[in-house]
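Letters A, B, ... mirror the listed sequences (proteins, then strands); counts begin at 1. Heavy atoms only: backbone and side chains are in, while hydrogens, waters and symmetry mates are out.
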2 protein chains.
Amino acid sequence: MQSTRSAKLDPKQRLDEILVKLRNLSFRITPQRVAILRIFLNSQDHPSVEQVYAQVKADFPSTSLATVYKTVSLLKEVGEILEIGFADGSNRYDGNKPYPHPHLICTRCKRIMDSDIDLVDQIANELEQTSGYRIVSHQIEFFGICPACQK
Amino acid sequence: MQSTRSAKLDPKQRLDEILVKLRNLSFRITPQRVAILRIFLNSQDHPSVEQVYAQVKADFPSTSLATVYKTVSLLKEVGEILEIGFADGSNRYDGNKPYPHPHLICTRCKRIMDSDIDLVDQIANELEQTSGYRIVSHQIEFFGICPACQK
DNA sequence: ATACATGCAAAACATTTGCATAAGA
DNA sequence: TCTTATGCAAATGTTTTGCATGTAT
């Protein structure tokens with residue numbers, strides 16, 4: 001279970017931090033990567049690849065969708081964004097809290113809200129005891145209607 | 001939050017129950033549908049569409065993949081199987097406990113184990129209070145290494 | 001008899017890959 | 001300079017759809 005959650009940094013600090021990390025891992029710092037990273041760090045919602053692509057193209061019209069996919073894959077691997085998978089194959093990404101945590105998803109407007117709940121670690125522990133699995137990660141999603149859509 | 005969990009029936013009883021339900025909803029009972037349903041009810045693992053397809057073809061060689069997809073979609077809609085979605089678009093299905101419940105997934109051998117945990121309803125309640133969402137459903141997956149794969 | 005389900009092939013998506021060219025280090 | 005990243009197009013894998021034919025009711 002992932003336990004080291006970096007203290008909340010402002011996006012600019014975090015951007016620099018990640019760029020240093022990438023450089024140390026001998027990945028190159030390209031304008032496309034910086035632009036995509038910036039979009040993730042500044043998104044309060046949880047954008048899809050397609051949404052990120054649309055945004056990068058605004059600043060950087062030549063960027064290809066393949067590059068967005070490759071960058072997303074890279075950022076996933078180095079643990080700087082979290083993938084939120086959906087059954088219908090419309091994945092979304094969380095660049096602000098890249099560790100597993102529960103999400104609340106409005107089935108009407110598709111808004112995704114973050115949520116931290118301590119009980120999750122308790123459940124994971126309980127499951128390790130009863131099942132014998134060594135639990136490494138999780139994906140927890142609650143579906144419902146958000147306050148705005150209830151009105 | 002779904003709360004009516006039918007008492008555990010043996011597969012034969014449950015098959016009849018579902019066939020009556022489908023008939024009442026004016027869906028037709030075809031040999032393909034019965035065969036696919038049987039496979040779901042007898043599977044202890046959580047088969048993918050492709051795996052179900054392979055099994056139906058053994059008994060019923062003319063069955064098409066499209067029919068399997070359509071039947072899966074139907075059974076999802078009437079609430080008799082549960083879809084377990086994965087980020088890589090390799091969905092699997094639970095025909096024995098078609099209500100939301102946590103799964104333990106071995107990332108090595110891909111085995112999926114069921115698990116019932118009372119705390120889930122508590123968490124859902126807590127989230128409803130703090131977020132204002134009306135929670136309707138959930139999807140909870142824990143990833144790790146199963147006992148067999150740890151050796 | 002008639003509406004609905006099947007099976008086939010084509011289409012629709014999301015994502016990945018191969019490769020020539022461009023550009024960080 | 002030398003290796004890695006980009007961008008394009010083609011390939012992949014999963015799921016959906018249109019339509020003629022078959023079949024449950």
Side-chain angles (χ1 to χ4, degrees), chain A residues 18-39 46-78 80-81 83-93 110, chain B residues 16 18-39 46-78 80-93 110:
Chain A
I18 297 173
L19 292 180
V20 168
K21 180 178 185 174
L22 290 177
R23 222 184 298 266
N24 288 342
L25 293 167
S26 1
F27 292 110
R28 292 183 179 168
I29 309 305
T30 65
Q32 291 91 334
R33 284 178 174 169
V34 176
I36 292 166
L37 206 31
R38 244 189 254 280
I39 289 165
H46 299 70
S48 65
V49 167
E50 208 64 44
Q51 287 170 331
V52 172
Y53 177 52
Q55 281 194 59
V56 205
K57 289 235 291 194
D59 288 354
F60 229 93
S62 75
T63 310
S64 75
L65 187 53
T67 294
V68 179
Y69 271 105
K70 286 166 187 165
T71 303
V72 163
S73 176
L74 170 65
L75 293 176
K76 260 195 295 180
E77 267 162 44
V78 301
E80 295 298 342
I81 63 175
E83 187 172 56
I84 311 173
F86 289 92
D88 69 335
S90 63
N91 295 342
R92 311 224 347 222
Y93 298 85
K110 312 296 177 199
Chain B
D16 290 341
I18 297 173
L19 292 180
V20 169
K21 181 178 184 174
L22 290 177
R23 224 185 296 267
N24 288 342
L25 294 167
S26 358
F27 292 108
R28 292 184 180 170
I29 310 303
T30 65
Q32 292 89 335
R33 282 178 176 170
V34 176
I36 292 167
L37 206 31
R38 244 189 254 280
I39 289 165
H46 299 71
S48 66
V49 167
E50 207 65 43
Q51 287 170 331
V52 172
Y53 177 52
Q55 282 194 59
V56 206
K57 289 236 290 194
D59 289 353
F60 229 93
S62 75
T63 310
S64 75
L65 186 54
T67 294
V68 179
Y69 272 105
K70 285 166 187 165
T71 303
V72 163
S73 175
L74 170 65
L75 295 175
K76 260 195 297 179
E77 266 161 45
V78 301
E80 295 297 341
I81 62 175
L82 178 77
E83 186 171 57
I84 312 173
F86 289 92
D88 69 337
S90 63
N91 295 343
R92 308 220 354 221
Y93 297 87
K110 313 295 178 198

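Distance OH (Tyr53(A)) to P (dA14(C)): 13 Å, rounded to an integer number of Å. Across the protein-nucleic acid pair, Phe86(B) atom CZ and dT15(C) atom C1' stand 18 Å apart, rounded to whole Å. As rounded to whole Å, 10 Å separates atom C1' of dC13(C) from atom CG of Asp88(A). Between Glu50(B) atom CD and dT14(D) atom P there is a gap of 6 Å when expressed in whole angstrom units. Look at CG on Leu25(B): it is 14 Å from P on dT25(D), rounded to the nearest Å. Summarising the geometry, the separation between CG on Leu19(A) and P on dG24(C) is reported as 14 Å, rounded to the nearest angstrom. In this structure, Phe60(A) atom CZ and dT6(D) atom P are separated by 10 Å, rounded to whole Å. Between Gln51(A) atom CD and dA14(C) atom P the separation is 11 Å, expressed in whole Å.
Taking 4.5 Å as the limit, every side-chain heavy atom of Tyr93(A) sits out of range of all side-chain heavy atoms of His46(A). Residues Arg38(B) and Asp59(B) form no side-chain contact, since every pair of their non-hydrogen atoms from C-beta on lies 4.5 Å or further apart. Proximity of Glu50(A) to Leu65(A): side-chain heavy atoms (C-beta onward) are separated by under 4.5 Å at one or more points.
In this structure, of dG7(D), dT6(C), dT25(D), it is dT25(D) that holds the atom nearest to the side chain of Ile29(B). Here dT15(D) is the nucleotide among dT15(D), dG7(D), dA5(D) with the atom lying nearest to any side-chain atom of Asn91(B). In the set dC8(D), dA5(D), dT14(D), dC8(D) carries the atom at the smallest distance from any side-chain atom of Lys70(A). Nearest nucleotide to the Thr30(A) side chain, out of dC8(C), dA5(D), dT23(D): dA5(D). Here the nucleotide nearest the side chain of Tyr69(A), chosen from dT17(C), dG7(C), dT15(C), is dT15(C).
Two residues, Ser26(A) and Glu83(B), neighbour DNA chain D, and the one matched to the more 5' nucleotide by heavy-atom proximity is Ser26(A).
Residue Ser64(B) places no side-chain N or O under 4.0 Å from the OP1 or OP2 atom of dT6(C). Applying the 4.0 Å criterion to OP1 and OP2 of dA23(C), one finds that Gln32(A) has every side-chain N and O outside that range.
For Lys21(B) (side chain) and Val78(B) (main-chain N/O), a donor-acceptor pair under 3.5 Å exists by modelled atom type. Of the possible polar contacts, none joining the Arg23(B) side chain to the Ile29(B) backbone as a donor-acceptor pair under 3.5 Å is found.
You'll find a donor-acceptor pair under 3.5 Å spanning the side chain of Arg28(A) and the base of dT4(D), going by distance alone. Not a single donor-acceptor contact under 3.5 angstrom links the side-chain atoms of Arg33(B) to the base of dA5(C).
Looking at heavy-atom distances under 4.0 Å, Pro61(B) makes no contact with the nucleic acid at all. Residue contacts shown for Thr63(A) are limited to sugar-phosphate atoms, with no base heavy atom under 4.0 Å away. Ser62(A) comes within 4.0 angstrom of the backbone, heavy atoms only, and of no base.
For the atom pair CD1 of Ile36(A) and CD of Gln32(A), the computed distance is 7.0 Å after rounding to the nearest 0.5 Å.
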